[in-house]
There are 2 protein chains.
Amino acid sequence: MKIVLLGSGNVATHLGTALKAAGHDIAQVYSKTEANARMLAKQLGCVFTTELTELVTDSDLYILSVSDDSVPRIARHFIGSNQILVHTSGTIELNTPGVSGVFYPIQTFSRQKTISFAKIPIAVEATSDPLAEVLLELGNSISSQVLQLNSNQRKAIHVAAVYACNFSNHLYTIAESILRDNGLDFDLLKPLIAETAGKINTYSPRSVQTGPAVRNDQVTIAKHLQFLENEPMLRDLYERLSQSIINFNQK
Amino acid sequence: MKIVLLGSGNVATHLGTALKAAGHDIAQVYSKTEANARMLAKQLGCVFTTELTELVTDSDLYILSVSDDSVPRIARHFIGSNQILVHTSGTIELNTPGVSGVFYPIQTFSRQKTISFAKIPIAVEATSDPLAEVLLELGNSISSQVLQLNSNQRKAIHVAAVYACNFSNHLYTIAESILRDNGLDFDLLKPLIAETAGKINTYSPRSVQTGPAVRNDQVTIAKHLQFLENEPMLRDLYERLSQSIINFNQK
């Protein structure tokens with residue numbers, strides 16, 4: 001497919017690289033920041049522009065990978081055109097004016113780290129069945145796990161990802177802070193964190209829940225709350241997460 | 001060292017196996033459940049007993065790896081003896097009657113899964129300096145990361161582990177439940193979870209926090225809370241964890 005890439009951040013870079021490697025023709029890169037546009041265009045071996053009015057008009061697909069805030073403004077440019085614009089966001093509505101579909105890779109990307117797209121699930125959503133077919137095919141050209149969703153399911157994935165990833169990472173931050181306050185290195189917990197996250201590849205997380213809450217071990221819970229007596233916010237999270245574990249366990 | 005192992009659960013099994021492999025003499029296994037005692041003793045090539053009164057008396061060290069509940073009862077047997085008993089719990093007090101020290105591997109163990117002790121941090125604590133030396137040496141014979149702690153630090157590790165592991169696993173459970181309620185497979189999030197947990201080997205978790213809360217993106221947060229409108233407990237956790245991320249970010 002002939003594709004124009006709008007955006008030059010982590011998702012645009014990784015996605016553009018994977019699409020090019022799969023044999024697609026990246027025709028042009030757009031970014032309002034010239035240095036970024038030039039760098040990514042060079043990497044992908046194509047031309048670039050910093051003006052929406054200078055986009056090539058004959059591309060099969062326009063993929064918009066920018067911050068959620070910027071999507072509506074750029075999408076507006078496509079209202080009433082024949083060009084097909086899809087965004088890559090987990091959050092932005094399908095019915096955003098100018099948007100025809102969603103091509104959402106369910107992964108977090110870092111600039112530095114190369115990542116294989118083959119194992120990244122891609123969720124597609126489209127305003128028409130033919131476009132859904134095109135997006136599924138495009139997805140299958142770079143990933144082994146592509147599925148069509150409705151908007152509610154995409155939102156469910158995004159909310160679930162907030163718990164499993166954003167909030168988990170915050171719990172790591174809390175753990176690091178507790179250790180540091182006691183003169184200990186966060187490295188001490190890394191094998192345990194790796195084992196915990198690794199287990200879910202084999203077991204349902206519910207079936208391998210460990211710790212004082214799932215045992216309803218109120219003695220240990222009380223000791224831990226006592227330990228956190230000067231940290232009201234952490235105490236509060238400890239109590240509520242423990243209660244949630246107890247509730248889930250009783251379901 | 002000549003060692004008696006009290007307990008036949010996951011920690012006892014993995015620890016006994018690692019100690020034997022490091023050349024220590026496992027002299028005897030104790031478990032009140034005969035089948036378990038026999039099985040572990042067979043695995044370690046030693047004798048077993050189901051009676052505390054039948055423990056061999058000339059061992060250099062007695063390692064107690066049983067559930068926290070059972071520690072005080074078994075430790076009581078060692079009050080007033082010359083035998084040195086250490087437990088392997090992250091939680092039980094050093095000053096438990098009968099206990100001389102702590103030998104705490106900072107990892108979670110599953111029966112089925114073999115695990116290399118070499119990379120498991122071991123925290124030791126002792127009622128005397130000579131015993132601390134012995135335990136450090138024992139730790140160094142099976143692990144590359146052994147450190148001496150005080151009781152407060154051991155508690156800090158345990159509390160931090162509850163956040164980073166027990167609570168993270170519960171967040172995976174919540175994510176799985178949200179996906180299932182929307183007809184989606186938990187597999188969709190596994191690459192994202194692996195990436196999130198893997199990142200902390202390279203970066204401080206605080207520095208790689210992503211998601212709506214750290215951006216203080218109240219529009220997305222409001223949409224997610226709306227999505228969870230029929231799940232008051234999940235809503236509550238979402239709000240409090242988001243607020244905690246915002247607070248940490250402002251520190």
Heavy-atom distance under 4.5 Å to chain B: side chain of A/Val219, backbone, both or neither? neither

Measuring heavy-atom distances to chain B, does A/Leu228 have an atom under 4.5 Å in its side chain, in its backbone, in both, or in neither? side chain

Presence of salt bridge, B/Glu125 and B/Arg154, under 4.0 angstrom: yes

Is chain A contacted by the side chain of B/Ile157, its backbone, both, or neither, given a heavy-atom distance below 4.5 Å? both

Please state whether the side chain, the backbone, both or neither of B/Gln209 comes within less than 4.5 Å of a heavy atom of chain A. both

Heavy-atom proximity to chain B below 4.5 Å, by part of A/Asn247: side chain

Any Lys/Arg nitrogen of B/Arg180 or B/Glu176 sitting under 4.0 Å from an Asp/Glu carboxylate oxygen of the other? yes

Part of B/Tyr238 lying under 4.5 Å from any heavy atom of chain A: both

Mind ranking B/Gly211, B/Cys165, B/Ala161 by heavy-atom pairs under 4.5 Å with chain A and telling me who comes out on top? B/Cys165

A/Tyr172 portion near chain B, given a 4.5 angstrom heavy-atom threshold: both

Contact part of B/Val214 toward chain A, heavy-atom cut-off under 4.5 Å: side chain, backbone, both or neither? neither

Applying a strict 4.5 Å limit to non-hydrogen atoms, the region of A/Asp236 in contact with chain B is side chain

Side chain / backbone / both / neither for A/Ser242 at chain B, heavy atoms under 4.5 Å: both

